[in-house]
Visitor: 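After the structure tokens below, expect a handful of questions from me.
The chains referred to below are lettered A, B, ... by the order of the sequence lines, with proteins before strands, and numbering in each begins at 1.
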2 protein chains.
Amino acid sequence: MRSNVAKKQQESKAASSPTSRPYRIEEQVGYLLRRAHQRASAIFQVSIGDPNITPTQYSSLVKLNEYTELSQNLLGRLVGMDKATMQGVVRRLKERGLVDSRPDPGDARRTLLSLTTDGQRLVNKLLINGPAVSRETLKALNAQEQRQLLDLLSRIA
Amino acid sequence: MRSNVAKKQQESKAASSPTSRPYRIEEQVGYLLRRAHQRASAIFQVSIGDPNITPTQYSSLVKLNEYTELSQNLLGRLVGMDKATMQGVVRRLKERGLVDSRPDPGDARRTLLSLTTDGQRLVNKLLINGPAVSRETLKALNAQEQRQLLDLLSRIA
DNA sequence: GTGGCATCGTGCGTACACGAACGATATGGG
DNA sequence: CCCATATCGTTCGTGTACGCACGATGCCAC
């Protein structure tokens, strides 16, 4: 069976199909995305300026800062989080007094979320460091490569 | 302050300096990496051929298939997982009878891991679908863009 | 208007991810 | 030989991430 795989590779090589390399886990998109995401999260954690704020919490706060008031589900869609995941994120932000909520007067199913004064103050502080986080994460690439990476990522996301 | 930022863009556009845009969370690497990773994981889950195998479990199995026998820590380093994370992954794989372990005769601190027959059979089956997972994840890009993305990712990871 | 279907938020179960602390073992320098 | 230091695996706590099922509410077609 080992030799089976090897043979398959040989065949496609011989047929000069579009460079089908041997299958290496380190060269697969999913694997590379996981590693890159790990490193980006690590950089975020040490550079954003508050060790208790996670990347997902940060994007939620930033979105709430843009929109003033949002339902939990809509916020989840805007930042790309499942509603179950959103639930936990929002609960933690509320526990820390960064986010407030009230029932939507027009739709009893919804909860409207907004930043507290503390939340606003914190976002404004974190937003100062935001660009540095991205810069540090991308520092191995030149300007053109950085733009290209962002473009390619947004196209596969 | 809004106009401040806007002015800066104008300037950099005029001066053709590296285009400092307004700060949008959707344009930050970390955010895009999270979204892209989410989509890649979702594609993996439906395409790899066994809904009970996760991406990290898969890479662990593939590595064990390459090396025959590895300590838990070394496996973790090879697939980019924390030792605490590795612990859980290995435990689940052992519970399912895909991985076996024995104490390292030469170093009592280590546990040597290897695939069981079931594990080997499963990896060989999954490896058939591996390329399709990557292909599907990258399908929005042409061949050159795909290569470029892999290159850029491996350089920031 | 009411009944079927969608949406919203919640709760549960499972799985990564990692820091921190721990005990057992290994190793190198004195 | 022995002690300081490092490595290995485990455990605990916290935080994403998502599928699934649930109850409450909204909405639309009939």
Side-chain angles (χ1 to χ4, degrees), chain A residues 30-31 33-46 48 50-61 70-77 79-96 98-99 101-113, chain B residues 30-31 33-46 48 50-60 70-77 79-96 98-99 101-113 157:
Chain A
Y31 179 85
L33 284 171
R34 181 170 66 80
R35 301 299 302 269
H37 180 237
Q38 279 174 12
R39 177 163 168 274
S41 300
I43 291 173
F44 180 94
Q45 199 205 340
V46 303
I48 198 60
D50 185 333
N52 295 320
I53 292 295
T54 65
T56 52
Q57 290 171 5
Y58 174 68
S59 45
S60 300
L61 293 175
L70 284 171
S71 78
Q72 195 168 299
N73 255 14
L74 179 51
L75 174 57
R77 280 194 294 274
V79 295
M81 282 186 241
D82 186 89
K83 60 185 181 173
T85 305
M86 200 72 249
Q87 227 261 321
V89 174
V90 167
R91 180 175 46 72
R92 284 180 282 272
L93 291 176
K94 288 211 285 196
E95 281 167 5
R96 290 181 217 168
L98 301 172
V99 161
S101 66
R102 66 180 181 113
D104 186 329
D107 187 336
R109 296 170 303 177
R110 292 194 178 117
T111 306
L112 292 178
L113 303 174
Chain B
Y31 179 85
L33 284 170
R34 180 170 65 82
R35 302 298 302 268
H37 180 238
Q38 279 175 11
R39 178 163 166 271
S41 300
I43 290 173
F44 180 94
Q45 199 204 339
V46 303
I48 198 61
D50 184 331
N52 295 319
I53 293 295
T54 64
T56 51
Q57 290 171 6
Y58 174 69
S59 46
S60 300
L70 283 171
S71 79
Q72 195 167 299
N73 255 12
L74 180 50
L75 175 57
R77 279 194 295 274
V79 295
M81 281 186 244
D82 187 90
K83 59 185 179 174
T85 304
M86 200 71 249
Q87 226 263 320
V89 174
V90 167
R91 179 175 47 74
R92 284 180 283 272
L93 291 176
K94 288 211 286 197
E95 280 168 5
R96 291 182 216 168
L98 301 173
V99 162
S101 67
R102 66 179 181 112
D104 186 328
D107 188 336
R109 294 170 303 176
R110 294 195 177 115
T111 306
L112 292 178
L113 303 174

Visitor: Side chains of Q38(A) and H37(B), heavy atoms from C-beta outward: is any pair under 4.5 Å?
Guide: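 Sidechains of H37(B) and Q38(A): no contact.
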Visitor: Less than 4.5 Å apart, any side-chain heavy atom of P105(B) and any of L112(B)?
Guide: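 Heavy-atom side-chain distance check passes, below 4.5 Å.
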Visitor: When the distance from NZ of K94(B) to C1' of dT10(D) is rounded to whole Å, what number comes out?
Guide: 11 Å
Visitor: Quickly work out the R92(B) CZ to dT14(C) P distance and round it to whole Å.
Guide: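 Those two atoms, CZ and P, are 11 Å apart.
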Visitor: Which whole-number value in Å describes the distance from R91(B) CZ to dC12(D) P?
Guide: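 Rounding to the nearest Å, CZ of R91(B) and P of dC12(D) are 11 Å apart.
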Visitor: With heavy atoms under 4.0 Å as the rule, sort A108(B) into base, sugar-phosphate or nothing.
Guide: sugar-phosphate
Visitor: Is the distance from OP1 or OP2 of dT16(D) to the nearest side-chain N or O of Q57(A) less than 4.0 Å?
Guide: yes
Visitor: Would you indicate which nucleotide in dA17(D), dG9(C), dA20(C) comes nearest to any side-chain atom of Q38(B)?
Guide: dA17(D)
Visitor: Do the side chains of N52(B) and Q57(B) get nearer than 4.5 Å, heavy atoms only?
Guide: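 No, every pair of side-chain atoms sits at 4.5 Å or beyond.
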Visitor: Calculate the interatomic distance between K83(A) atom NZ and dG23(D) atom P; express it in whole Å.
Guide: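 K83(A) atom NZ is separated from dG23(D) atom P by 14 Å.
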Visitor: Give the rounded distance in Å between these two atoms: CG of L33(B) and P of dA17(D).
Guide: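 One finds 12 Å between P of dA17(D) and CG of L33(B), rounded.
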Visitor: I want to check one thing: is the phosphate of dG9(C), taken as OP1 and OP2, less than 4.0 Å away from some side-chain N or O of R109(A)?
Guide: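 Negative; the distance criterion is not met.
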Visitor: Examine dT16(D): is either OP1 or OP2 under 4.0 Å from a nitrogen or oxygen in the side chain of T54(A)? Give yes or no.
Guide: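 True: T54(A) side-chain N/O within range (under 4.0 Å) of dT16(D) OP1/OP2.
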Visitor: Could you tell me the separation between the CZ atom of R110(A) and the C1' atom of dC8(C), rounded to a whole number of Å?
Guide: 8 Å
Visitor: Give the rounded distance in Å between these two atoms: OH of Y31(A) and C1' of dC16(C).
Guide: 15 Å
Visitor: Output yes when at least one side-chain N/O atom of Q45(A) is less than 4.0 Å from OP1 or OP2 of dA17(C), else no.
Guide: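 No.
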Visitor: Select from D107(B) and D107(A) the residue whose nearest nucleotide in DNA chain D is closer to the 5' end of that strand.
Guide: D107(B)
Visitor: Would you indicate whether the side-chain heavy atoms of S60(A) and L93(A) approach each other to under 4.5 Å?
Guide: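 They are in side-chain contact.
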Visitor: So, is T85(A) near the phosphate of dT16(D), with a side-chain N or O under 4.0 Å from OP1 or OP2?
Guide: no
Visitor: For G106(A) and for S71(B), locate the closest nucleotide of DNA chain D by heavy-atom distance; then report the residue assigned to the nucleotide nearer the 5' terminus.
Guide: S71(B)
Visitor: May I have the distance from R34(B) (atom CZ) to dG15(D) (atom C1'), rounded to whole angstrom?
Guide: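 These atoms are roughly 13 Å apart.
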Visitor: Reading DNA chain C from 5' onward, which residue's closest nucleotide shows up sooner: A42(A) or Q72(A)?
Guide: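 On the 5' side of the pair lies Q72(A).
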Visitor: Any side-chain N or O of R96(B) below 4.0 angstrom from OP1/OP2 of dT14(C)?
Guide: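 It does not, given that no N or O in the side chain of R96(B) lies less than 4.0 Å from OP1 or OP2 of dT14(C).
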Visitor: For a 4.5 angstrom cut-off between non-hydrogen side-chain atoms, does Q72(B) reach Q87(B)?
Guide: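 They are in contact (side-chain heavy atoms under 4.5 Å apart), so the answer is yes.
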Visitor: Verify the contact: side-chain N or O of Q87(A) to OP1 or OP2 of dG9(C), cut-off strictly under 4.0 Å; return yes or no.
Guide: no
